[in-house]
Q: 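Please read through the structure below; I'll follow up with questions.
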2 protein chains.
Amino acid sequence: MSKPPARIRLADAAFALFDERGYEQTTVDDIAERAGVGRTTFFRHYRSKEAVIFPDHDRLLELIRDRLATSSHRTALVAVSDAVRLVLLHYIEEGDLARRRYALTSKVSALRDREIASVARYQRLFREFIADWMGDPTTSASLRAELMAASVVAAHNHVLRRWLRGESADPVTELDEAMGEVLALFPAPGARPDGTDGGTTVVAFRTGQDLDALLPSLRRLVEGDPGR
Amino acid sequence: MSKPPARIRLADAAFALFDERGYEQTTVDDIAERAGVGRTTFFRHYRSKEAVIFPDHDRLLELIRDRLATSSHRTALVAVSDAVRLVLLHYIEEGDLARRRYALTSKVSALRDREIASVARYQRLFREFIADWMGDPTTSASLRAELMAASVVAAHNHVLRRWLRGESADPVTELDEAMGEVLALFPAPGARPDGTDGGTTVVAFRTGQDLDALLPSLRRLVEGDPGR
DNA sequence: CTGTAATACGGTACTCAGTACCGTTGGGTG
DNA sequence: CACCCAACGGTACTGAGTACCGTATTACAG
C-alpha cells in the first residue's frame, strides 16, 4: 500500500483543505505541505491554484474539437448537440468529484468565473464550427450560428446543473430531450435544388396515441418521401 | 488648465501603457508613476489592475436590475430584450474607449475571461427574471428560461461585436432586428382559456432534419404535456 | 483667525501566487 | 561503473493586492 502519485495526493489535499478552510483561506503552501511535497512540485503538476480544481478542461476541449472535425452529421446543430454530450459524460464520469467542484464554484466567485470562461471556450468552438459549416458570411447567418451555439451550451448547462444538484437521475436522457428542444427552435433551412420548397411535412397527432406505434410511418414521411 | 482628477489620469495612463507595452508587461507601479500618483492611490480608485479597464460593470448591472424590476411588458422576453438594450447603449456611449477595450480583450485572455464573466452575470440576471416571471418551476420551463436568456445575450453580443469591429453603422437597429429573431424563436405560449383545445398537436417538420434528434421533444409534446 | 474634522493621498511593510533557476536524488540502461 | 533522465526540493525573485500609518489640503464651525 504505497503512496499514490504526487498529482493525486495534491488534488486530494487541495479539495480537503478547500472544504475545511475555504478556497481563499488555503495557500498553495498548505496544499503542498499536506500532500507531503514541495511547493515547486505543486506548480509542476498544476499551472495554478485554480487548475487543481479544473484539471482537464483543455484536454476535453481538444476532444470536442476532434469530435467535431470527424463528425458526419446532416446538420451542424446535430453535430454540436452530439459533441456537447462528451462534456456531460465527462462530468458524469467524474462523479462525486464533479459535485465537490460544483459546491466550490458555487461559493467562490473566482472559481465560478473560471468555470464560465471554460464554458465560453466550448461555446466559441461551437459557434465557429456552425458558422464554418453554414459557409454563409451573412450577418443573419452569423447571428444564427451564435444563437445555436448559445442554446446548445445553455441546454447542456441546464441539464448538467440539475445533475450536479442531484435533481436528475438520468441526465443523458434529459440532455437528449433538451437538445430536442433546441433542435426544434432552429428548423433546418430545407434548401431544395428544384425550388419547389416542399420540405414541410405536417403531422397531426391525437393525444393519447402511442408515439412508438406511429414512429415507422413518421419515419417514412420524413425520410422516405420528402415533400408530401 | 489644472490636472484632471487622479481617477481619469490613472485610466488614461493605463490604456496608454497597455497599448505601448501590452497588458502583462505593464505593472501597477508603471501606471501610477505615469499618472503621477502613488501606488496606493491606484488601488483606492480601482479594485484591481483589471478593473481599470472595466470600471462600471457593477453599476450597469444594477441599472439593468432596476430596469427589470420596474418593467411592465407583456412577456418576460420582451422585458429582457428591452433591458439588454441598456448594455449596448452604454458601450456606444463609451465610444472609442469601448473599442480600445475590445482590442485589449481580444489579445489578453485574462481580460477576455473577465469580460465573459461579467456578461454571464447579465445572463444569470435575465435567466432568474424570466424564471420568476414564468413562475413555473417545471424542468422544461426552467430550460426555456435558460434558453431565452442565453439567446438574448448571444444576440446582444453578436451586434455589439459587430459594432466594436466597426462593421455596423446602426447597432441599435441591428439589435432590434436581432431581438426580433430571438422573439420569433420563442413564440408566446398562446394559452387557451376557453378549453376548445381538441387535443390535436400539429408539428411542422423540415426535411433534412434528423428525426432521431427530434424524437425526445416529440415524445414530450405528445406524452408529457397533452393539450398544449 | 483658530481648532477640528473629513477627505485624499503617499509610504512602508506584509501575504501570496506564480516564475526562474539550480542542485539533488533515484532509478534504469549502456 | 558511468551515464542519463525524470521527478523533486529549495531559494530567490516579481508583481498583485491588503493593512496600516502619517500627512497635506480643504472646509467649516466657533
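Hydrogens, waters and symmetry mates are skipped; everything else that's a heavy atom, side chains included, is used. Lettering follows sequence order; numbering is per chain, from 1.
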Q: What is the distance, rounded to the nearest whole Å, between atom NZ of B/K49 and atom P of D/dT18?
A: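 In whole Å, D/dT18 P and B/K49 NZ are 15 Å from each other.
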Q: To the nearest Å, give me how far apart CZ (B/F43) and P (D/dC20) are.
A: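 Interatomic distance, CZ of B/F43 to P of D/dC20: 17 Å.
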Q: Look at atom CD of A/E33 and say whether more than 12 heavy atoms of other residues, nucleotides or ligands are closer to it than 6.0 Å.
A: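 No, not enclosed.
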Q: Starting at the 5' end of DNA chain D, which residue's closest nucleotide do you reach first, A/A6 or B/R44?
A: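 Between the two, 5'-proximity favours A/A6.
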Q: How long is the line joining CZ of B/F42 and P of C/dA8, in whole Å?
A: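 One finds 17 Å between P of C/dA8 and CZ of B/F42, rounded.
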Q: Map A/R9 and B/R47 onto DNA chain D by nearest heavy atom, then report which one ends up closer to the 5' terminus.
A: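 Checking each residue's closest nucleotide, the 5'-ward one belongs to A/R9.
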Q: Rounded to whole Å, please give me the gap between CD in B/E24 and P in D/dT14.
A: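 Rounded to the whole Å, the gap is 18 Å.
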Q: Tell me: CG of B/L17 to P of D/dG15, nearest whole Å?
A: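 Answer to the nearest Å: 14 Å.
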Q: Would you say B/R165 has more than 12 foreign heavy atoms packed within less than 6.0 Å of its CZ?
A: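 Yes, CZ of B/R165 has more than 12 neighbouring heavy atoms, counting only those of other groups under 6.0 Å.
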Q: Between C1' on C/dA17 and CZ on A/R114, what's the gap in Å once rounded to a whole number?
A: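 After rounding, the gap between these two atoms is 13 Å.
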Q: Using a 4.0 Å heavy-atom cut-off, does B/T40 contact any base of the nucleic acid, only the sugar-phosphate backbone, or nothing at all?
A: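 Base contact - B/T40 has a heavy atom under 4.0 Å of at least one base atom.
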Q: Would you please classify the geometry between the B/F42 ring and the B/Y46 ring as parallel, tilted or perpendicular, with 30° and 60° separating the classes?
A: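 Answer is tilted, since the angle falls between 30° and 60°.
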Q: Taking the side chain of A/R39 as heavy atoms from C-beta outward, which of C/dA17, C/dG10, D/dG15 is closest to it?
A: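 In terms of side-chain proximity for A/R39, the closest of C/dA17, C/dG10, D/dG15 is C/dA17.
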Q: Go through the side-chain N and O atoms of B/T27 and B/D30 and say whether any donor and acceptor fall under 3.5 Å apart.
A: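 Short answer, yes.
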Q: Consider side chain to side chain contact (heavy atoms under 4.5 Å, CB included). Of A/L147, A/L185, A/V152, which one does B/L147 pass it with?
A: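 By the side chain to side chain contact (heavy atoms under 4.5 Å, CB included) criterion, B/L147 pairs with just one of A/L147, A/L185, A/V152: A/L185.
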Q: Expressed in angstrom and rounded to an integer, what is the separation of B/Q25 atom CD from D/dG15 atom P?
A: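 Distance check: B/Q25 CD to D/dG15 P gives 10 Å.
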Q: Check this one for me: any side-chain N or O of A/H45 less than 4.0 Å away from OP1 or OP2 of D/dC8?
A: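 Yes.
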Q: Is A/T41 close enough to D/dC8 that one of its side-chain N or O atoms is under 4.0 Å from OP1 or OP2 there?
A: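 Indeed not, no polar side-chain atom of A/T41 lies that close.
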Q: In whole angstroms, how far is the C1' atom of D/dG17 from the CD1 atom of B/I31?
A: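 That distance rounds to 13 Å.
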